[in-house]
Amino acid sequence: MAKTKVFDQKRLETIQDQMHDFVEQQMKDHPEIFGDETLKPKEKGRNSDFSKAFKTFKEWWDKTKKPEIAEKAKTSILQKLRESQAIVDERKEQQGPNLNRNNLRPER
């Protein structure tokens, strides 16, 4: 669907202004990511420096936060697996030699 069928010119300009202000503020608030980069002044028409700011952010994210989040997820999954294994082991002890697969489901 064409953007002109969804938004009128005034609404598109408002959205563009809001995006510009937001990105500009994020760049000021996070010099550890963007350094001394700045956005060009608002212009009529296309503003390609948003994609440059996004690319800078994505590169920073991929180098710093993404590995950290992946490690936290891995640790969390491993912990849940250990907890599940402990439940299975405990039930095996409780049931002794009469253990079958249907009795291993976690209690809800």
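Remember, it's a predicted structure, so these values are computed and weren't measured experimentally.
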[X] [atom1] to [Y] [atom2] distance, which is reported to the nearest 0.5 Å:
X	Y	atom1	atom2	result
Ile87	Arg82	CD1	CZ	14.5 Å
Glu59	Thr64	CD	OG1	11.5 Å
Ser84	Gln79	OG	CD	10.0 Å
His30	Gln25	NE2	CD	9.0 Å

Charged N-O contact under 4.0 Å between Glu68 and Lys72: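 Yes, Glu68 and Lys72 are salt-bridged.
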Stepwise side chain to side chain contact (heavy atoms under 4.5 Å, CB included) check, Phe57 with Val23: CA-CA 11 Å; Phe57 172 79; Val23 171; over 6 Å; no
Side-chain H-bond candidate by donor/acceptor type, Gln85 with Asp89, under 3.5 Å: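 Gln85 vs Asp89: donor-acceptor pair found between side chains.
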Nearest atoms (heavy-atom pairs only) where Phe34 meets Thr56: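 That would be CD2-CG2, 3.8 Å.
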Nearest atoms (heavy-atom pairs only) where Glu37 meets Met27: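 Distance-wise, the nearest heavy atoms are O-CE, 3.5 Å.
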Flag side-chain contact, heavy atom, 4.5 Å: Thr14 against Arg11: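 Result yes, sub-4.5 Å side-chain heavy-atom pair found.
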Sub-4.5 Å side-chain heavy-atom contact between Phe54 and Lys58: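 Yes, close enough: below the 4.5 Å cut-off.
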